[in-house]
Each structure stands twice: as C-alpha cells, then as structure tokens.
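A note on names: the letters A, B, ... follow the listed sequences, proteins ahead of strands, and every chain is numbered from 1.
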There are 2 protein chains.
Amino acid sequence: MSTEHPAEGPWADDAPGAPAAQVDGAVDRPGRRAPSAAGRGPERLAARGIPEATVARLPVYLRALTALVERGVPSVSSEELAVAAGVGSAKLRKDLSHLGSYGVRGVGYEVSPLVAHISRELGLTQEWRVVIVGIGNLGRALASHGGFAERGMCVTALFDNDPAVVGREVAGLTVLPMTELAAVVRRDGVSIGVLATPGPGAQPACDHLVAAGVTGVLTFAPAVLQVPEGVDVRKVDLASELQILAFHEQRKSAGEAVRAASLAVAAPAAPADAAAVPAGAVAAAPGRRAARPVGVTR
Amino acid sequence: MSTEHPAEGPWADDAPGAPAAQVDGAVDRPGRRAPSAAGRGPERLAARGIPEATVARLPVYLRALTALVERGVPSVSSEELAVAAGVGSAKLRKDLSHLGSYGVRGVGYEVSPLVAHISRELGLTQEWRVVIVGIGNLGRALASHGGFAERGMCVTALFDNDPAVVGREVAGLTVLPMTELAAVVRRDGVSIGVLATPGPGAQPACDHLVAAGVTGVLTFAPAVLQVPEGVDVRKVDLASELQILAFHEQRKSAGEAVRAASLAVAAPAAPADAAAVPAGAVAAAPGRRAARPVGVTR
DNA sequence: TCTTGTGAAGGCGTTCACAGCC
DNA sequence: GGCTGTGAACGCCTTCACAAGA
C-alpha cells in the first residue's frame with residue numbers, strides 16, 4: 001500500500017482561495033501566443049513567435065547537437081541533423097529558420113553556435129529549479145532521475161502531504177511537508193513544478209503550487225487540472241500512452257485477421273492451429289492472446 | 001535478421017555504428033493510416049479511419065466516463081463530458097462522431113454504452129500484457145505503478161541486462177535477463193513493451209523487443225529509435241517536457257521584464273519587495289522569483 | 001556545386017454554426 | 001426546446017520545390 005498516499009487525507013488541504021479558473025488544455029497548445037501581441041514591443045529579429053510544434057522539437061535538436069559536440073563534430077547539414085533528431089530535413093530547416101539564420105548555405109550549420117542559440121532560446125542559459133510534489137513511486141524515480149541535471153533542470157525540493165513520507169530522504173533531499181512549499185518556491189525562485197500525486201490529489205496539489213507562485217506544471221496524474229490563466233500545464237498520462245499503443249496493436253491484429261481470413265479462403269482446410277505460423281492470427285482467434293503481428297519483418 | 005543484438009554489456013554498449021533502418025517519428029503521427037487503403041475491404045460502419053488526434057483523446061474520454069459510471073451518472077451531454085475531459089464540446093462531439101453515433105439528439109450520451117464502445121475501439125476488451133525493459137529507478141516505478149491494471153494494461157514481466165538487477169524482485173515480479181525476453185513475449189502474447197533504459201541502451205533493447213515480436217513500444221529513453229515498419233513507437237521524454245515548460249517560463253519572464261521596465265520608467269524607485277501580496281500574485285512580481293528571468297532577456 | 005531559407009501547396013485538426021432529430 | 005452530428009471555414013503544421021547564396 002505504500003504506493004497510494006492516503007487518498008484524500010492531507011492532499012485536501014488545498015484551496016487557498018479562488019476556485020481556480022478554466023481548464024487549460026495547455027498540453028495541446030500551451031501557446032496561446034499573445035493572440036495579437038505578435039508585433040508588440042520593440043521586437044528584434046525573428047518576430048517573437050515560434051510555433052509551438054517547433055518549440056516542442058527544440059529539446060530534441062538540442063540533444064542531438066549536444067551528442068555531436070561530444071563527438072567533436074564542428075558542423076552538420078540539415079539532412080544529417082535531421083536524421084540524428086529523427087525528423088525530416090525540411091521540417092528541421094523550417095524549424096531552425098524560426099530562430100533566425102544560423103546556417104550557411106552550401107555548407108550547413110555550425111554545431112556550437114547552434115547549440116548556444118537553441119539553449120538561449122529555450123532559456124537554458126540558467127538552471128531551472130524544479131520541485132516535485134507527491135513522492136510515491138513515480139516521484140521518487142523522478143527525484144532520482146539523472147538526466148534532468150545534465151539538461152538544465154535541477155530538482156530542488158520534494159514535497160508530500162503524507163506524514164509517513166515527509167522527513168524521509170530521497171535522492172539526497174529530505175521530503176518536506178506541503179506547508180513548506182511556498183517558502184521554498186520563493187526562496188529558490190522555483191517556477192516549475194512536477195506533480196506526481198495520485199489522480200485525486202492532483203488538483204489540490206496543483207492549486208498549492210500555483211498559489212506558491214509556480215507557473216509551469218508537468219503532471220503525471222490522470223486528472224484534468226484547472227489552472228488560472230498564465231499557468232502552463234503539460235500532462236503525461238502513462239496509462240493513456242499504453243492505451244493508444246493498444247489501439248494500434250489491435251488494428252494491426254485486425255488487419256492480420258482479415259489477411260489471414262483471405263488466405264483461409266484462398267487455401268482453406270488449413271487448420272488454424274497456428275503452429276509455427278505467425279501466431280499473429282490473433283484477431284482470428286476471438287481475442288485470445290492479444291497481438292502478435294508478425295509484421296515486424298525486415 | 002536485425003534480430004541479433006550483440007551481447008551488449010550492461011546497457012552501455014550502445015553501438016553508434018550501424019545506421020539501422022528509418023527513423024520513425026511515430027510519436028507525432030504514428031498513424032500512417034493506410035495511405036489510400038481508406039475504403040479498402042468490406043468495411044463496416046464508420047470507415048476504419050479514426051484521426052490520430054482523436055485516438056489520443058479517447059483514453060481521456062474513457063477515464064472521464066469511468067468516473068461518471070462510478071458516480072452512477074446514466075447520461076451526459078457533450079458539454080458536460082467535454083468539461084470533465086478538459087476539451088471543447090465541439091471537439092468532443094466530432095471525436096465521438098468518428099466512432100459512430102452513440103448519442104441521442106436532444107438528450108446526450110448514455111454513459112455505459114459509450115464506455116463499452118470506446119473500450120472496444122481502444123481494444124480494451126482484453127487485457128494487454130506489457131513487459132518493461134530496463135529496471136532502474138523509472139522502470140521500478142512503472143512496475144509498481146498502480147493504475148495500469150485498472151486501465152487494461154497488465155505488466156507481465158521485467159527485464160534488465162544488468163546481472164546486479166536480474167533476479168531481484170520488484171512489484172512482485174522477478175527481474176529476468178534479456179535472454180528470456182523472446183520466450184516470455186511468445187508465451188504471454190505480449191505485443192507492447194516499455195523501454196526505461198538509459199539513452200545509450202535504448203536502441204539495442206528496442207531491437208531486442210522487436211526481434212521478440214513486440215510491435216508497440218513506449219520509450220522513456222532520450223534517444224531516437226530506429227524500428228522497422230509496422231512497429232509503433234511512442235516517446236516520452238521527461239527532460240524535454242521540462243525544457244518546453246522552461247521555454248514558456250522564460251517567455252513569461254521576458255514579458256515581465258519588459259513590463260517591469262515600462263513600469264520602472266513610469267514609476268521608478270519602486271522597490272519590488274512584493275510583500276504580503278497574494279502569494280498567487282505570481283505574474284505580478286517583476287522578475288523576483290520566477291527563475292531569474294530578466295537576465296536571460298533575449 | 002551544394003545546402004540553406006522560404007514561398008506556396010497540401011493536409012490535418014479545430015472551430016463554427018446550423019440542420020436534423022429527439 | 002435541446003442537443004447531437006456534421007458540412008464548411010479557418011488556421012496551424014508539414015511538405016514540396018526552388019531561388020538565393022556561400
């Protein structure tokens with residue numbers, strides 16, 4: 001039971017005032033880029049307006065570039081970098097073009113300057129301090145996760161409302177009670193919080209974060225969060241990811257079934273005992289054991 | 001054939017050599033829905049062709065509906081369900097329309113039938129068995145994660161290539177060596193695998209999964225995976241998520257800075273000691289906490 | 001000659017608004 | 001009267017293809 005925090009218990013302490021605002025849905029397009037404030041103030045080059053889709057890929061480019069730096073590669077063509085990042089070269093060029101021109105026609109992009117530029121664009125010239133709320137299995141794993149630090153994110157403090165967890169040491173940090181949240185956020189200048197609480201505790205915990213001053217939230221809780229305008233929420237729902245994969249697996253199986261059926265018609269009498277045959281006949285057999293689409297070929 | 005993975009050392013061996021197959025990019029649109037096979041075979045109702053964006057939201061709708069079932073609600077309007085799921089009602093209706101008509105004009109949707117239908121569509125009429133490869137912090141957390149089971153996903157086995165980890169018990173399962181992977185996948189009819197290895201070990205581990213027959217992969221490794229056609233890959237990159245939030249935070253700060261500057265001009269000398277102000281005044285306090293914004297300024 | 005940067009075209013997804021049906 | 005289902009408009013993103021430029 002260690003897992004579940006006392007469902008409601010303390011997590012409920014929340015509601016510091018206003019019953020928050022509208023649903024955000026920031027995940028899909030957190031960028032309600034200033035609707036018309038596009039050409040506001042004394043903007044400089046590249047009009048401040050990088051498409052959200054591009055922003056979401058910058059971290060990927062940055063990682064690929066970092067790898068190149070380590071290998072000592074001085075420059076890359078859009079084609080090479082695109083492959084390294086797993087995207088098409090046209091898309092990559094278009095993305096980079098939104099950051100301004102950092103490439104040289106006929107040559108490619110110089111790695112170092114590009115790394116610096118993307119880092120700056122992402123705001124990684126500074127280390128971002130992050131707090132994690134909800135120190136259950138996932139929270140602990142995130143706290144211990146190496147890989148944040150090397151990418152500019154520093155986990156500063158851990159919080160939980162379960163007295164049994166508070167005080168314990170995780171990844172070198174002592175788990176603090178939620179009552180300390182605001183103080184820590186203020187002291188360390190934290191603006192990003194990670195929610196790893198069970199679903200029911202997410203909203204209260206989120207309200208707590210927001211009240212403390214956090215304006216960027218990454219949540220793993222399977223719950224819809226209501227946050228005031230100005231707060232970005234990105235959601236990662238592990239079970240949903242698997243269900244989406246299941247949908248596609250099911251499809252493949254169905255396709256197999258159809259194909260199998262066709263074959264059966266073409267060459268009947270073949271007892272579907274699927275011996276060595278691609279056990280994938282899956283769908284053929286009423287749901288039996290899921291999907292084993294063979295297809296993987298090559 | 002790709003089949004053979006050199007007996008990698010622990011997860012390290014990486015193998016920067018062979019430029020395997022093509023990049024997938026499945027994450028963005030795993031649905032290369034049969035390009036033109038749209039109206040192929042003897043399709044039934046709703047032409048088999050649910051938009052990927054819709055598929056990605058079905059799990060969310062399902063969760064919201066499940067909650068309604070538990071509350072004993074018999075039916076909902078698109079507006080109510082939309083709010084519960086955190087989307088717009090028009091979008092919800094359009095999404096559901098892709099599944100066929102399960103609503104009653106003038107009334108709304110009956111919860112139970114809708115739950116059943118979405119479940120069927122997602123392939124959740126069966127339990128999907130999943131294996132996790134890479135039992136480090138994250139792998140353990142995922143293995144122990146309650147919440148998969150209740151949403152149709154059953155973690156069947158855990159694998160790792162580190163002798164120090166193999167044999168240990170996690171979440172009631174004994175961690176197995178990679179050599180057992182193929183056998184388990186076949187025996188249990190596993191078609192979905194979760195990759196929680198460090199970045200460098202991801203590709204070999206992925207190849208291993210694919211060779212064993214897995215055709216759906218959810219990876220947490222910050223690496224581009226090459227998989228053969230027919231294999232879906234969904235990627236969750238934790239650090240990237242935080243970096244994307246950082247980008248937006250930086251923006252807000254920049255905006256603040258600009259505004260602050262304006263104010264400074266308008267009413268200088270005002271020490272921004274943001275006293276008792278509603279802790280939530282977040283956006284109000286110029287720079288202060290929020291991640292040392294100012295400096296970064298473009 | 002080779003690769004970037006980009007206008008233009010094409011797709012996909014969202015949103016609107018209302019016809020259709022309860 | 002009320003709400004769903006959907007055609008049509010709209011906008012974002014991707015892809016194409018080529019002019020610009022080292």
(request) Answer yes or no: side-chain N or O of B:Arg105 and base N or O of D:dT4 forming a donor-acceptor pair under 3.5 Å. (result) yes
(request) Report yes or no: is there a donor-acceptor pair, N or O only, under 3.5 Å between the side chain of A:Arg93 and the base of C:dG5? (result) yes
Interatomic distance where [atom1] belongs to [X] and [atom2] belongs to [N] [whole Å]:
X        : N      : atom1 : atom2 : value
A:Asp95  : D:dT15 : CG    : P     : 11 Å
B:Ile50  : C:dT14 : CD1   : P     : 14 Å
A:His98  : C:dG7  : NE2   : C1'   : 13 Å
A:Leu58  : D:dC13 : CG    : P     : 13 Å
B:Leu92  : C:dG13 : CG    : C1'   : 15 Å
B:Glu110 : C:dC22 : CD    : P     : 14 Å
A:Leu96  : C:dT3  : CG    : C1'   : 13 Å
A:Glu52  : D:dT14 : CD    : P     : 11 Å

Given [options], identify the nucleotide with an atom nearest to the side chain of [X].
X       : options                : answer
B:Arg57 : C:dT15, C:dT14, C:dT4  : C:dT14
B:Lys91 : D:dC16, C:dG13, C:dT14 : C:dT14
A:Lys94 : D:dT4, C:dT4, C:dA8    : C:dA8

Quick one: is [X] getting a side-chain N or O under 4.0 Å of the [N] phosphate, OP1 or OP2?
X        : N      : value
B:Ser78  : D:dT4  : yes
A:Tyr109 : D:dA22 : no
A:Ser101 : C:dG5  : yes

(message) Under the criterion side-chain contact (heavy atoms from CB on, under 4.5 Å), I'd like the reasoning laid out for B:Leu96 against B:Leu114: C-alpha separation, chi angles, the key distance, then a yes or no.
(response) CA-CA 9 Å; B:Leu96 294 186; B:Leu114 191 51; 4.0 Å; yes
(request) Let me know, please, whether A:Gly88 or A:Val104 comes out on the 5' side of the other along DNA chain D by nearest nucleotide. (result) A:Gly88
(message) When you compare the side chains of A:Glu79 and A:Ser89, does any donor N or O come within less than 3.5 Å of an acceptor on the partner?
(response) yes
(message) I'd like to check A:Ile192 versus A:Leu218 (side-chain heavy atoms, cut-off strictly below 4.5 Å). Are they in contact?
(response) no
(request) Could you point out which residue of B:Arg63, B:Arg151, B:Arg57, B:Arg234 forms a side chain to side chain donor-acceptor pair (under 3.5 Å) with A:Ser240? (result) B:Arg151
(request) Check the pair B:Ser191 / A:Lys252 against side-chain contact (heavy atoms from CB on, under 4.5 Å), numbers first and verdict last. (result) CA-CA 11 Å; B:Ser191 61; A:Lys252 294 174 196 167; over 6 Å; no
(message) Can you work out whether B:Pro51 or A:Tyr102 has the more 5'-proximal nearest nucleotide on DNA chain C?
(response) A:Tyr102
